[in-house]
Structure formats: structure tokens, C-alpha cells
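Notes for the one structure printed next.
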Amino acid sequence: MGTALSLHVPSVREQPVGQLFNTITNGVRKMPAYGSQISVEDRWAILLYVRTLQRSRNATLDDVPPEFRDQFALRQQDSNAPRRTDARG
Ligand code: HEM
């Protein structure tokens, strides 16, 4: 089996959701079809999740509701504070 593309590459991000639905349903090139194993409703649910992951990976401050942007900026400054170096949190 070939290597599946990252869902974050532009060629997948920019696809209409109907094309992604077709990919799950009927497969594409080396990807098998899942239409007979995943219900229509679940296929759409998977695509909503894929779209959420794609969008969150590319989020900017403009995606944050205006009333929360100040808080977000503060948290970003906090993250520049010195950090613990051990990994045990
Ligand atoms: C059900 C959730 C899945 C979604 C939403 C999904 C979505 C996609 C998308 C969008 C692509 C890129 C297609 C394109 O280039 O236009 C792709 C490719 C691929 N997927 Fe999936 N996939 C799913 C499940 C799977 C599973 C379970 C497998 C493996 C058993 C798989 C194997 C592959 C492979 C091998 C490719 C590369 C196909 C090729 O270019 O030859 N996918 N998938």
C-alpha cells in the first residue's frame, strides 16, 4: 500500500468536502473504499473532524473571538517565561 497524504497538504485542504466524501466512499488510487463499512452519517462526521483539524492547524488570532484576543496574547507572553527542563510536568 502507498503512503497516505497528510490531511494538511494544500492539495487536500483545498479540496471541496464533496470530493473528500467521494474519497472515503469510493477510495482513490491506492486508498481502499470505505463506503460499505462506514455509514453516510459517520463519513460526514469524519469529514467535519478533518476540517476542524485542518482549520485549527492554520488558525490565526483572527479566528479567536475579539473579546478573548487579549487573553490569548497574554498567554503567549507567558509561554516565553523560563520553562522547567524536566519532562515530568
Ligand atoms: C476514513 C477516513 C479516511 C479519510 C478521510 C481519508 C482521506 C484521504 C485523502 C483525502 C487522501 C488524499 C486523496 C487525494 O490525493 O485526493 C487519502 C489518500 C490515501 N489514503 Fe486515505 N482516508 C481515510 C482512511 C484511510 C485508511 C483507513 C487507509 C488505509 C487502510 C487509507 C489509505 C490511503 C492511501 C494509501 C492514500 C494514498 C492514495 C494514493 O495516492 O495512491 N486511507 N486518504
Side-chain angles (χ1 to χ4, degrees):
M1 182 162 303
T3 305
L5 280 180
S6 163
L7 297 173
H8 298 290
V9 298
S11 64
V12 174
R13 254 176 44 211
E14 288 159 15
Q15 278 184 28
V17 73
Q19 188 176 344
L20 297 172
F21 185 85
N22 184 63
T23 294
I24 304 186
T25 305
N26 300 312
V28 61
R29 297 183 299 274
K30 290 181 181 161
M31 173 168 158
Y34 286 94
S36 64
Q37 295 172 65
I38 305 175
S39 72
V40 169
E41 200 179 349
D42 283 353
R43 273 175 264 157
W44 285 116
I46 288 166
L47 291 178
L48 287 178
Y49 182 52
V50 167
R51 279 289 192 244
T52 301
L53 294 174
Q54 289 171 332
R55 180 148 181 204
S56 65
R57 175 77 67 102
N58 293 283
T60 69
L61 205 53
D62 291 341
D63 294 302
V64 179
E67 64 270 32
F68 295 118
R69 283 179 199 164
D70 284 355
Q71 290 179 32
F72 188 82
L74 280 176
R75 280 200 206 140
Q76 283 201 313
Q77 278 172 20
D78 287 349
S79 73
N80 289 329
R83 289 181 190 198
R84 298 177 55 174
T85 49
D86 66 324
R88 277 170 291 164

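For ligands, and for the atoms within them, numbers begin at 1 and follow the listed sequence.
In this structure, Leu48 and Val17 have side chains that are not in contact, with every pair of non-hydrogen atoms separated by 4.5 Å or more.
Looking at Phe21, Tyr49, Tyr34 and measuring to atom 30 (C) of ligand 1, the nearest heavy atom belongs to Tyr34. Taking each of Met31, Arg13, Arg29 in turn, the one with a heavy atom nearest to atom 34 (C) of ligand 1 proves to be Met31.
Arg57 CZ: 12 or fewer foreign heavy atoms inside a 6.0 Å radius.
Checked by distance only, ligand 1 and Lys30 come closer than 3.5 Å through their nitrogen or oxygen atoms. Taking any N or O of Gln19, backbone or side chain, none lies under 3.5 Å from an N or O belonging to ligand 1.
Contact annotation for Gln15 and ligand 1: only side-chain heavy atoms (C-beta onward) come within less than 4.0 Å of the ligand. Looking at Thr3 against ligand 1, only its backbone comes within 4.0 Å, counting heavy atoms. With a heavy-atom cut-off of 4.0 Å, Val12 touches ligand 1 through its side chain alone.
For ligand 1, the atoms sitting less than 4.0 Å from at least one non-hydrogen atom of Val28 are 13 (C), 38 (C), numbered in the order shown with element in parentheses. Residue Ala4 has at least one heavy-atom neighbour below 4.0 Å for each of these atoms of ligand 1: 19 (C), 20 (N), 33 (C), 34 (C), 36 (C), 37 (C). Counting atoms of ligand 1 from 1 in the listed order, those under 4.0 Å from a heavy atom of Leu20 are 10 (C).
Test Ile46, Val12, Thr25 against Leu20 for side-chain contact (heavy atoms from CB on, under 4.5 Å) and you get one pass: Val12.
Cluster partners of Leu53, by chain and number: Tyr49. The rule joins Ile, Leu, Val, Met, Phe, Trp and Tyr whenever side-chain heavy atoms lie under 4.5 Å apart.
Checking side-chain atoms of Arg13 against main-chain N and O of Gln54 turns up no donor-acceptor pair under 3.5 Å.
One distance of note links CD1 of Ile38 with CD1 of Ile24; it measures 6.0 Å at 0.5 Å rounding.
Each ring pair (Phe, Tyr, Trp, His ring centres under 6.0 Å) pair with one or both residues in residues 9-48, not counting sequence neighbours, appears once here: Phe21-Trp44.
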